[in-house]
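Before any comments, here is the structure.
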Amino acid sequence: MAESAISPRRNENYPEWYQQVIRAADLAENSPVRGCMVIKPWGYALWENVQACLDSLFKETGHVNAYFPLFIPLSFLEKEAEHVEGFAKECAVVTHHRLEAGPDGGLIPSGRLDEPLVVRPTSETIIGASYAKWVQSYRDLPILINQWANVVRWEMRTRLFLRTTEFLWQEGHTAHETRQEAWDETLRMLDVYRRFAEEWMAVPVVTGEKTAVERFPGALNTFSIEAMMQDRKALQSGTSHFLGQNFARASGIRFLSRNGVEDLAWTTSWGVSTRLIGGLIMVHGDDDGMIMPPRLSPSHVVLLPIVRGEKDGGVAAYCREIAEQLRRQTCFGKNLQVVIDERDINAGEKSWSWIKKGIPVIVEIGPRDLQNHSVFVHRRDRSRRERYSQGKDAFVSSMPSLLKEIQDNLLERAKSFMDDHTKRIDGKKEFEDFFTPKNTDKPEIHGGFSLSHWCGNDSCEKEVNDRLGVSIRCIPLQPGDAAPEPGACIWCGKKSLRRVLFAKAY
RNA sequence: CGGGGCGUAGCGCAGCCCGGCUAGCGCGCUUGCUUCGGGAGCAAGAGGCCGUGGGUUCAAAUCCCACCGCCCCGACCA
């Protein structure tokens, strides 16, 4: 049995496997700055594709981009009580604006600021200040703005992509005339995230509302998309918040309504971050590394010329010809991205490097292929033993449909995985067993999503979390999962009106 | 911030208990030759303030103290 490229394998040590995939695929690495990462070109190209796709979805739904400051005056953050409480513990604060030579030759901060500046952990307050200025009449609404930015949250424990001190994201901030409009916007953007996850990332998600315990500080309602990783834990992959009039009140976003009375705007905010990349790795990756969904992959095909010694025998030219033909093909509305890897390294090693990077299609091309007008194809979503030879022209013309097939296959695979590990559990014992590892010394991958009844009390929710490390990921919105259905709370046995989604989470 | 583990070559590690020649090994790197439908073989090389500071000692990677950093598990979180 051949070895896998990544060690340990997923079922041996999942967290370590995750780190190794990031390294092997050359996506990112730790930086000298604690908790911060360097996103390397292959990882950043993936993020750029995520940005481009989401950005066009935002534009399609009427949003425009803008940019607000990195620094937030301390007093702004103090305006919304719950918001302060939620973020106070993880804020980086700028207190000085100058460096002076110290006695030992080092530099010491000087020039203390009158009012400290908080490095934005999120931008509701600073954007709210602008909106307050911009909005005077109901005619100024709605405001539908998104910003692509970095934010800083001083986390205790960090993991590449999943939780870093600084991360990249987009945050949409909208202000509306009516409650209904803001509410609709909240759900519309949640659905944009769901579509993006499923159609672009090939990641199936559960959409739902957060419980009070898990809600965004200052929001009236928080909605999220939750995806299942291959260790069966949930990853909150995007959030959309209905902020009611809380932030409008705090920031003074007031307008003269149609009735001539002063009113507060209704606002929303919604975001996804580089965390999505962590999700992509954990949903699709295998024991040989990353697997990129074709729709977001920085490149679709790599051509590997197999050259004997110095004698090229026309292989390079043959590769260039194929590359040209492929680049004229379109898939998912874009031209195919093709790489020819002519690095002077061992062919096997070269091939493996692309497997680890997760490029959807790897094509080996040697003199024999040249002679037969064929190519040797390896789909990254299939095993290495399933490589096959194919006529060049057929290969070129079938690439778009092959990529679509891979995209669909990844989604299908992830979907059945999630379905297989989503249970409707009604017994407390069964519930506990589901979430309890059999070998406590070296916990194996276990559990999954449990759709179970919940009475609605914080105390049950917290106890489940304390005892089992399991939280309520959301109250699902999907018709099938969410249909009200009387039952008994999985924990206390009291009356429950509906099932909620329980899972261990990142 | 609590509990545990670890800092030795670019990466992964051994050596430390029981102090003692020139600090090793694997991978990677450089050069040459050989190989060539596959993560190559042989040979010759380059590369270390053994995390930092202090102490004990004739002698410290090794023992003691302090500090710094990293990882895991908890609390917190996109």
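Side chains included, hydrogens not; waters and symmetry mates left out as well; all remaining heavy atoms used. No experiment lies behind these values; they were computed from the predicted model shown. Sequence lines set the chain letters: A, B, ... in the order given, protein chains first and strands last, and positions in each chain run from 1.
- When both pairing distances are held under 3.5 Å, C27(B) makes a Watson-Crick or G-U pair with G10(B).
- Straight-line distance from the OH atom of Y388(A) to the P atom of G37(B): 22 Å, rounded to whole Å.
- Residue contacts shown for S351(A) are absent, as no nucleic acid heavy atom lies under 4.0 Å away.
- Judged by the 6.0 Å distance and 45° axis criteria, K357(A) is positioned over the aromatic ring of W354(A).
- Remark: W200(A) pairs with no residue by the side chain to side chain donor-acceptor pair (under 3.5 Å) rule, at least two apart or across chains.
- In this structure, the OH atom of Y14(A) is 18 Å from the C1' atom of C72(B), given to the nearest Å.
- For Y18(A), there are no side chain to side chain donor-acceptor pair (under 3.5 Å) partners, not counting sequence neighbours.
- Contacts of E364(A) with the nucleic acid, taken as non-hydrogen atoms under 4.0 Å apart, include base atoms.
- Ring geometry for F502(A) against F431(A) counts as perpendicular: the plane angle is over 60°, on a 0 to 90° scale with 30° as the lower cut.
- The distance between atom CG of D344(A) and atom C1' of C36(B), rounded to the nearest whole Å, is 12 Å.
- When heavy atoms are screened at a 4.0 angstrom cut-off, T164(A) is found touching base atoms of the nucleic acid.
- Judged by the 6.0 Å and 45° rule, K415(A) forms no cation-pi pair with F417(A).
- Between the C1' atom of C36(B) and the CG atom of N346(A) lies a distance of 8 Å, rounded to the nearest Å.
- Atom CG in N13(A) sits about 10 Å away from atom C1' in C72(B), given to the nearest Å.
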What nitrogen or oxygen pairs link the protein and nucleotides 73-76 of chain B at under 3.5 Å?
from, atom 1, to, atom 2, distance (Å)
C73(B), OP2, R157(A), NH2, 2.1

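- Using a 4.0 Å heavy-atom distance criterion, L162(A) is classed as a base contact.
- Within 4.0 Å of K356(A), counting heavy atoms only, lies at least one base atom of the nucleic acid.
- Heavy atoms of F167(A) sit under 4.0 angstrom from at least one base atom.
- Residues passing the ring pair (Phe, Tyr, Trp, His ring centres under 6.0 Å) test with W270(A) are F58(A), H63(A), sequence neighbours excluded.
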Under 3.5 Å, N/O pairs linking protein and nucleotides 9-14 of chain B:
from, atom 1, to, atom 2, distance (Å)
C11(B), O2', R23(A), NH1, 3.4

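- Taking the six-membered ring for Trp and the full ring otherwise, the centers of W169(A) and F161(A) sit at least 6.0 Å from each other.
- Under the side chain to side chain donor-acceptor pair (under 3.5 Å) criterion, K504(A) pairs with H446(A), not counting sequence neighbours.
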